[in-house]
Novice: 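The following block contains the structure, expressed as structure tokens.
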Amino acid sequence: MTEVRVRFAPSPTGFFHIGSARTALFNWLYAKHTGGKFVLRIEDTDKERNTEEALQVLLEGMRWLGLDWDEGPEVGGKFGPYFQSERQAIYDAYLKILKDKDRVYEKDGALWFRLEGERYTEYDEFHKAEIEKVKNTPVVIEDAIRGRVERTEERDFVIVRSNGEPVFHFVNVVDDIAMGITHVIRGEDHLSNTSKHVELFKAFDAKVPVFAHIPLILKQSGPGKMSKRDKGALIEEYEQRSFMADAVRNYICLLGWNPKDDQEKMPIEMIIERFDFPGVNKGNARFDETKLSALNAEYIRDLTSEDFANYASPILASNGVDLASIDSSYLDKVFGLCQAKIKSLETLYEYVFYFFQDTYEFDAKGMQRIQKGVDPKLLLREVMPIFEHTEEYSKEELETEMQAVAEANERKIFAYFPVIRMATSGLTGGPDLLPMLSIMGRERVLPRLQSFFEKL
RNA sequence: CUCCCGUUCGUCUAGCCCGGCCUAGGACACCAGGUUUUCAUCCUGGCGACAGGGGUUCGAAUCCCCUACGGGAGGCCA
């Protein structure tokens with residue numbers, strides 16, 4: 001059996017679109033699954049927008065998602081070059097093959113591919129003109145995902161523009177032949193054009209690869225497929241927002257593929273093992289950031305505390321927290337407290353910043369709520385002694401003491417919580433209060449309570 | 001206008017190929033309770049779908065046809 005060779009052939013646009021990422025991912029998964037090769041080929045024929053910077057965005061996104069390529073930019077390979085802009089000689093050679101077979105003609109300065117079959121002219125409603133069509137035999141595509149698809153290509157098409165640049169359909173097929181690609185896994189938006197490609201493969205007497213057209217990703221709301229301008233469409237955005245790459249990758253796998261047994265969070269090794277065409281869906285999927293976030297949160301919770309610290313530290317540092325000046329055991333405790341409750345790394349800083357600074361704003365709504373209930377000064381006066389005298393500041397000790405005070409004043413212990421939380425963090429919500437106070441310790445809690453008391 | 005692909009809870013989906021085990025399962029979201037009524041975690045429960053119509057069949061989400069809707073393509077864009 002010949003080795004599976006798949007490719008991802010993006011055009012560097014300056015963005016790494018989530019749909020492209022998934023196409024790359026499915027190709028990569030299939031290569032890994034079959035023990036084949038994953039080729040990265042850069043379709044940079046459009047000179048206008050193809051810059052080095054755009055290429056780096058792409059490569060960086062691939063790396064972030066952990067999609068390594070066996071052949072392509074930076075790693076080379078025996079089927080190179082892997083930039084279409086450097087493959088002109090190959091295109092010329094293949095063009096000559098078609099010319100020799102009399103399958104090419106010139107019109108309006110461009111080179112057209114000649115279909116085989118009887119010609120006739122017809123008024124076309126779409127083109128709003130009389131155009132020449134060909135009575136061609138239908139092309140049959142045995143799609144690995146959709147099954148048998150039949151389509152007739154009935155118009156000659158341009159393969160080399162009048163400015164000399166070869167068009168996508170042509171270079172794509174030539175490269176796939178020249179690079180020995182066995183399986184073409186791409187978006188369903190290419191399905192209609194596949195008849196063009198098959199016609200070309202046949203004209204070259206080349207073996208037609210297995211096609212696998214995967215469903216498209218639709219935008220979160222509104223009609224149409226997701227485009228670069230849609231919210232949440234770009235991979236680099238998730239990287240910037242501190243999403244975990246594993247979670248993003250896992251989620252993208254689930255858009256259009258599933259293992260059939262209700263498993264969702266899976267290590268990549270398991271996905272590689274289980275990924276195959278029968279598990280790929282036919283219907284388009286709507287992107288749902290909420291679900292991505294939920295999966296991301298699950299990944300965060302399952303991190304070892306060490307890994308969590310590795311993710312969290314740089315985020316705090318970039319928000320201005322001077323980690324070097326903070327006791328490492330204190331930091332560990334804070335991390336431990338928030339890892340279990342936090343939903344995203346993106347909001348980590350907002351969730352814990354008051355552990356590291358003594359001045360902060362007091363949430364206005366929270367203040368109102370506190371004022372409305374039992375006099376907060378009274379509540380503070382009742383519990384303050386605990387925080388003055390308690391030795392260990394352990395969670396248990398604080399709880400016992402507060403419980404006693406609560407009973408003495410005929411209150412529930414929770415009556416004190418909102419005001420204490422407000423005083424020590426300025427917020428209405430956060431980690432479990434008692435452990436939080438315990439970790440902060442007397443040197444933070446007491447002054448904050450006192451100054452808050454003065455303020456009231 | 002033509003052609004191609006698709007259509008199960010709000011969303012991602014299981015089931016469909018090989019009709020009965022489907023009073024259609026899971027996940028996210030949402031709602032309600034609980035975790036000695038702090039809290040973005042956690043637990044329990046609830047809500048909620050076979051696009052519509054015709055067939056075929058003892059029996060259809062599953063097979064066939066039609067319609068509707070959604071998506072894509074029809075470029076000297078990729």
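Letters go in sequence order (proteins before strands), and every chain restarts at 1.
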Novice: Cation-pi check, Arg249(A) to Tyr251(A): give yes when NZ or CZ is under 6.0 Å from the six-membered ring centre and within 45° of the ring axis, no otherwise.
Specialist: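 Checked: cation-pi criterion not met.
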Novice: Please list, in numerical order, the residues of residues 240-266 of chain A that have a heavy atom closer than 4.0 Å to any atom of RNA chain B.
Specialist: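 When residues 240-266 of chain A is checked for heavy atoms under 4.0 Å from RNA chain B, the hits, listed by number, are Leu254(A), Leu255(A), Gly256(A), Asn258(A), Lys260(A), Asp262(A), Glu264(A).
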Novice: Any residue in residues 344-352 of chain A with a heavy atom nearer than 4.0 angstrom to RNA chain B? Just list them by number, or reply none.
Specialist: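 Per residue number, the list reads Thr347(A), Tyr351(A).
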Novice: In sequence, state the C-alpha distance, the side-chain angles, and the governing distance for Phe15(A) and Leu234(A), and then conclude on side-chain contact (heavy atoms from CB on, under 4.5 Å).
Specialist: CA-CA 7 Å; Phe15(A) 310 98; Leu234(A) 274 22; 3.6 Å; yes
Novice: Do the side chain of Ser192(A) and the base of rG74(B) come within less than 3.5 angstrom through a donor-acceptor pair of N or O atoms?
Specialist: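 Counting by modelled atom types and ignoring angles, no donor-acceptor contact under 3.5 Å is found here.
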Novice: For Glu237(A), check salt bridge (Lys or Arg N to Asp or Glu O under 4.0 Å) against everything at least two apart and list the hits.
Specialist: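 Here the qualifying residues are Arg241(A).
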Novice: Heavy-atom contacts under 4.0 Å between residues 133-145 of chain A and RNA chain B, which residues?
Specialist: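 Within residues 133-145 of chain A, no residue comes under 4.0 Å of RNA chain B.
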Novice: Which of these, Phe8(A), Phe277(A), Phe275(A), sits in a ring-ring contact (aromatic ring centres under 6.0 Å, His included) with Phe26(A)?
Specialist: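 Between Phe26(A) and the candidates, ring-ring contact (aromatic ring centres under 6.0 Å, His included) is satisfied uniquely by Phe275(A).
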Novice: Do Phe452(A) and Phe362(A) have ring centroids that are under 6.0 Å from one another?
Specialist: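 Yes, close enough.
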Novice: List the atom pairs, donor and acceptor, that lie under 3.5 Å between side-chain atoms in residues 131-144 of chain A and the rest of the protein, sequence neighbours left out.
Specialist:
| residue | atom | partner | partner atom | Å |
| --- | --- | --- | --- | --- |
| Glu132(A) | OE1 | Arg119(A) | NH1 | 3.1 |
| Lys133(A) | NZ | Glu122(A) | OE1 | 2.8 |
| Lys133(A) | NZ | Asp124(A) | OD2 | 3.3 |
| Asn136(A) | ND2 | Glu153(A) | O | 2.9 |
| Asn136(A) | ND2 | Glu199(A) | OE2 | 2.7 |
| Asp143(A) | OD1 | Ile145(A) | N | 2.8 |
| Asp143(A) | OD1 | Arg146(A) | N | 2.9 |
| Asp143(A) | OD1 | His213(A) | N | 3.3 |
| Asp143(A) | OD2 | His213(A) | N | 3.2 |
| Asp143(A) | OD2 | His213(A) | ND1 | 2.7 |

Novice: For rC63(B) and rG71(B), measure between their C1' atoms and round to the nearest Å.
Specialist: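 Nearest-Å result for rC63(B) against rG71(B) at atom C1': 25 Å.
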Novice: Could you measure between the two C1' atoms, the one in rU8(B) and the one in rU62(B), and give it in whole Å?
Specialist: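 To the nearest whole Å, 11 Å.
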Novice: Pick out which of Val445(A), Val419(A), Leu446(A) makes a side chain to side chain contact (heavy atoms under 4.5 Å, CB included) with Thr424(A).
Specialist: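 For Thr424(A), the side chain to side chain contact (heavy atoms under 4.5 Å, CB included) test succeeds with only one of Val445(A), Val419(A), Leu446(A), which is Val445(A).
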Novice: What residues from residues 286-304 of chain A pass a heavy-atom cutoff of under 4.0 Å to RNA chain B?
Specialist: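 Going residue by residue through residues 286-304 of chain A, the ones with a heavy atom under 4.0 Å of RNA chain B turn out to be Arg286(A), Asp288(A), Thr290(A), Lys291(A), Ala294(A), Arg301(A).
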Novice: With rounding to whole Å, what would you report as the distance between rA51(B) and rA24(B) at their P atoms?
Specialist: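 The same atom, P, in both gives a distance of 15 Å.
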